[in-house]
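Everything below concerns the one structure shown next.
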Amino acid sequence: MQLALKHKNQTLAIKLAAIALLMFGFGYALAPFYGAFCQFLGIDRAEASLTQAGAALRIEFDVNVPEGLPVTMQALDSVQTGKAGGVVKARFMLRNDSDQALTVRAVPSFAPVRAAGLLRKLECFCFDALTLAPKESREVTVVLLVADQLPPEMGAATLSYSLQKVM
Amino acid sequence: MHQAAHTHGGHEAAYESGWARWLYATNHKDIGTLYLWFAFAMFLTGGVMALCIRAELFQPGLQFWQPEFFNQLTTLHGIIMVFGAIMPAFTGLANWMLPLMLGAPDMAFARMNNWSFWLLPPAAALLLISLFVPGGAPAGGWTLYPPLSAQAGMGMDLAIFSIHLLGLSSIMGSINIITTILNMRAPGMTMLKMPLFAWTSLVTAYLLIAVAPVLAGAVTMLLTDRHFGTHFFSAAGGGDPVLFQHIFWFFGHPEVYIMALPAFGIVSQIIPTFARKPLFGYVSMVYATCSIAILSFMVWGHHMFAVGMPATAQLFFMFLTMLIAVPTGVKVFNWIATMWQGSMTFETPMLFAIGFVCLFTVGGFSGLVLSIAPVDTQMQDTYYVVAHFHYVLVAGALFSLFAAVYYWLPKWTGYMYHEGRGKFHFWWSMVWFNVTFFPMHFLGLAGMPRRIPDYALQFTSFNSIASVGAFCFGLGQLLFLYNVIHTIRGGVGPAPARPWEGGNTLEWEVPSPAPHHTWESPPDLTTVRRGLIAQAVEHEGESDEPKSENRA
Ligand code: HEM
Ligand SMILES: [Cu+2]
């Protein structure tokens with residue numbers, strides 16, 4: 001191939017590769033752009049910033065480990081305040097005290113019961129069974145979406161987890 | 001021919017033999033061949049998966065597969081057909097034919113060409129290996145929507161890596177195609193005199209450079225969401241799974257034109273050849289190709305009508321989608337006008353090309369139906385959608401590829417295929433294709449969801465019909481394999497340089513089989529003029545009569 005053509009080809013290839021690289025970046029740029037766009041249009045993206053001001057709820061987290069199960073469990077954020085429309089995240093510490101791997105499942109319950117309708121679990125360690133290696137300790141989380149409208153008479157709700165061994 | 005004289009000049013001895021010839025291949029014809037065989041192998045792999053799906057759906061109830069595995073089958077079938085079969089086949093054709101049609105000695109970057117092919121086999125291997133890892137292959141559909149894909153097992157990581165390789169391969173292939181077309185045309189061949197196949201390859205390559213990196217970005221975000229604690233798509237971390245759908249379809253809709261435009265190019269070569277008339281409305285074909293490409297960036301939202309979207313946005317996407325029917329309609333009318341009053345003959349490539357025009361139009365109409373937002377909310381994720389996109393992809397992309405293979409096979413192998421068996425392959429495929437996919441329209445209208453391994457009793461009869469059709473269709477493709485191998489082994493006899501009376505683009509100027517090296521010195525102006533693509537120029541060429549005296 002003559003030199004001039006080779007040079008011309010290479011310049012074009014570099015330009016095209018640059019377009020490809022830019023478009024890769026464009027994919028990422030869509031993320032913040034999308035966020036701004038939804039906010040501008042007021043489309044609910046389950047974001048704390050869209051919370052309606054005012055109504056708040058005290059949320060308490062409680063844990064129960066049955067006797068004989070060699071597991072320690074502890075709520076790390078045992079009391080939190082949830083705002084209407086907001087997201088609440090709570091952490092728990094789980095530790096396997098035995099020398100054997102253990103599989104446990106956490107069964108959630110709300111008090112009062114109707115709080116279950118107001119606090120929707122977006123993500124929860126209780127969705128799956130958890131297998132803990134011998135002596136392993138692990139931090140797990142639950143993420144709750146607080147309802148848009150909170151009944152004013154409800155001051156507090158408790159979310160309690162009971163551990164069960166999975167055979 | 002003067003061309004033959006060049007090729008015996010010592011170059012032939014230089015290329016290696018045996019496996020090394022293929023592993024180190026830098027010749028555009030060798031690489032084109034590699035691409036085409038790879039695509040065919042993937043077509044059979046994806047096809048076997050489709051048959052596994054149809055076997056399960058022959059009757060209601062669970063017969064063969066667990067639902068998890070069924071989902072893996074549909075997902076892999078889709079990914080393999082799109083990225084493994086159709087796209088590489090078009091790249092292979094472009095590699096084989098573009099230099100020949102443009103009068104260039106080879107593709108612009110021979111080494112990179114070798115790389116872009118050899119990235120494909122490892123990518124395919126990753127996809128197939130994913131079937132055997134814990135958790136199995138990805139099972140979230142070829143669209144890989146989170147949260148399903150964010151929670152899947154390591155098969156998903158393999159698929160993501162595979163998509164990275166496939167994307168890289170496409171981008172390198174596209175750079176090669178664009179550079180070859182823009183810089184290496186024979187003197188005298190202006191942009192508006194190129195064969196239409198070159199035009200559609202060019203526009204497709206631009207589309208790929210624009211959107212393949214966007215898909216790569218989307219799956220990379222998925223990967224970091226899965227393993228490195230980013231929250232692009234995880235609602236719990238403030239992200240949004242719908243964002244993935246937007247990014248995916250920003251890639252995904254142009255992607256369907258990446259699979260359709262080269263097909264348009266192929267039939268635009270074939271129909272004029274067998275109608276023995278220049279392509280009607282060459283320039284409008286070029287403009288239609290470009291406008292389809294541009295519009296395809298603005299309509300991704302029509303895949304997300306059912307996700308929830310402000311009404312104004314729905315209207316915007318709905319009208320823009322309908323607008324694409326205009327340039328597409330221009331194309332269909334031009335093909336028909338080309339055939340109008342032509343002296344048509346119906347050799348196998350022409351049959352597949354006409355089959356393409358008819359069936360693609362059906363697919364286009366069902367697409368138009370789906371573009372209506374309120375209708376789409378009803379039809380989304382039903383078998384109507386499955387019917388629609390198979391009319392576009394099987395009858396569109398696949399049939400045009402069959403047409404291309406039969407059309408250029410004499411040029412590739414130097415032999416003629418068996419016309420009777422070619423025609424049989426066409427009619428067999430045509431009939432069973434419709435038996436397979438036409439009933440799916442009704443299944444969808446009656447409400448059968450897609451991606452289910454079991455279904456309600458009232459859907460039984462149409463599903464059985466579709467399954468029988470699919471098995472017969474699949475069987476027929478073995479005949480295609482037989483036809484190709486038979487031709488390579490000598491077929492029904494040697495093919496002349498110009499096996500089709502009406503073929504006048506540059507590739508028919510070189511002997512059959514096309515020698516390893518062609519156009520080492522570009523074709524002279526007369527040759528280019530003669531081929532002058534009988535497409536555009538013959539019109540303005542009426543006044544240009546002296547052309548004939550050049551021929552002497
Ligand atoms: C010709 C034989 C073929 C048959 C019998 C067939 C059959 C099927 C079936 C039964 C499904 C599953 C539909 C569902 O449950 O959602 C499917 C999905 C799909 N097929 Fe095909 N197919 C064929 C060829 C092709 C080709 C050539 C392509 C080319 C691109 C293709 C692309 C797809 C895609 C993208 C999906 C969607 C996968 C998903 O939902 O994730 N198919 N096909
Ligand atoms: Cu689309």
Side-chain angles (χ1 to χ4, degrees), chain A residues 1-2 4-50 86-91 120-125 127-128 139-145, chain B residues 104-110 112 147 151 167-168 170-172 174-184 205-206 208-221 224 230-248 250-251 308-310 312-313 520:
Chain A
M1 224 180 288
Q2 337 76 296
L5 176 60
K6 202 165 173 177
H7 184 73
K8 206 170 136 199
N9 283 352
Q10 270 164 2
T11 330
L12 182 56
I14 291 170
K15 279 184 198 153
L16 292 171
I19 298 181
L21 220 64
L22 275 177
M23 288 309 289
F24 186 75
F26 174 73
Y28 279 86
L30 283 176
F33 180 72
Y34 174 71
F37 197 69
C38 289
Q39 202 138 31
F40 172 72
L41 287 180
I43 302 171
D44 192 342
R45 292 183 59 226
E47 273 193 28
S49 55
L50 295 169
V87 177
V88 170
K89 183 169 166 180
R91 296 167 305 143
R120 294 228 328 266
K121 287 198 270 310
L122 291 180
E123 187 156 292
C124 181
F125 63 99
F127 291 164
D128 297 301
E139 202 179 284
V140 293
T141 52
V142 57
V143 179
L144 300 170
L145 175 64
Chain B
D106 203 320
M107 297 294 279
F109 306 103
M112 184 164 82
Q151 295 162 351
L168 202 59
S170 301
I171 291 171
M172 297 196 322
S174 303
I175 292 182
N176 231 328
I177 288 174
I178 296 176
T179 311
T180 308
I181 295 177
L182 291 188
N183 289 355
M184 295 176 68
Y206 268 116
L208 263 171
I209 286 193
V211 299
V214 176
L215 175 68
V219 294
T220 310
M221 293 184 218
T224 55
T230 55
H231 294 103
F232 289 106
F233 309 127
S234 128
D240 191 338
V242 177
L243 171 63
F244 181 89
Q245 303 193 14
H246 282 293
I247 304 179
F248 179 88
F250 184 83
F251 148 82
M309 196 188 280
T312 33
E520 301 227 293

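Values below: every heavy atom of this structure, side chains too, minus hydrogens, waters and symmetry copies. Below, chain A is the first sequence line, B the second, and so on; all start at residue 1.
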Side-chain heavy-atom pair B/T220, A/Y28 within 4.5 angstrom cut-off: yes
Spacing of A/L16 atom CG and B/T179 atom OG1 [to the nearest 0.5 Å]: 5.5 Å
Nearest heavy atoms of B/I171 and A/A20, plus distance in Å: CG2-CB, 4.0 Å
A/F33, CZ atom: more than 12 neighbouring heavy atoms under 6.0 Å: no
Minimal non-hydrogen separation, A/A13 against B/F109, with atom names: CB-CZ, 3.5 Å
Part of B/P310 lying under 4.5 Å from any heavy atom of chain A: side chain
Worked check of side-chain contact (heavy atoms from CB on, under 4.5 Å) between A/Y34 and B/D240: CA-CA 10 Å; A/Y34 174 71; B/D240 191 338; 3.0 Å; yes
Closest non-hydrogen atom pair between A/L12 and B/L182, with its separation: CD2-CD1, 4.0 Å
Flag side-chain contact, heavy atom, 4.5 Å: B/I209 against A/M23: no
Residue B/V242 versus chain A: region with a heavy atom under 4.5 Å: both
Which atoms of B/A216 approach chain A - backbone, side chain, both or neither, heavy atom under 4.5 Å: both
Taking every non-hydrogen atom, the tightest pair across A/N9 and B/A108: ND2-CB, 3.6 Å
Sequence-distant partners of A/F26, ring pair (Phe, Tyr, Trp, His ring centres under 6.0 Å), two or more places apart: B/F250
Minimum-distance pair of heavy atoms, taken over all atoms of A/L30 and B/L243: O-CD1, 4.0 Å
Enumerate, atom names and distances included, each donor-acceptor pair closer than 3.5 Å involving a side-chain atom of residues 230-239 of chain B, sequence neighbours excluded.
residue: B/T230; atom: OG1; partner: B/T224; partner atom: O; Å: 3.2
residue: B/T230; atom: OG1; partner: B/T224; partner atom: OG1; Å: 2.9
residue: B/T230; atom: OG1; partner: B/D225; partner atom: N; Å: 3.0
residue: B/T230; atom: OG1; partner: B/D225; partner atom: OD1; Å: 2.7
residue: B/H231; atom: ND1; partner: B/G229; partner atom: O; Å: 3.4
residue: B/S234; atom: OG; partner: B/G237; partner atom: N; Å: 3.2

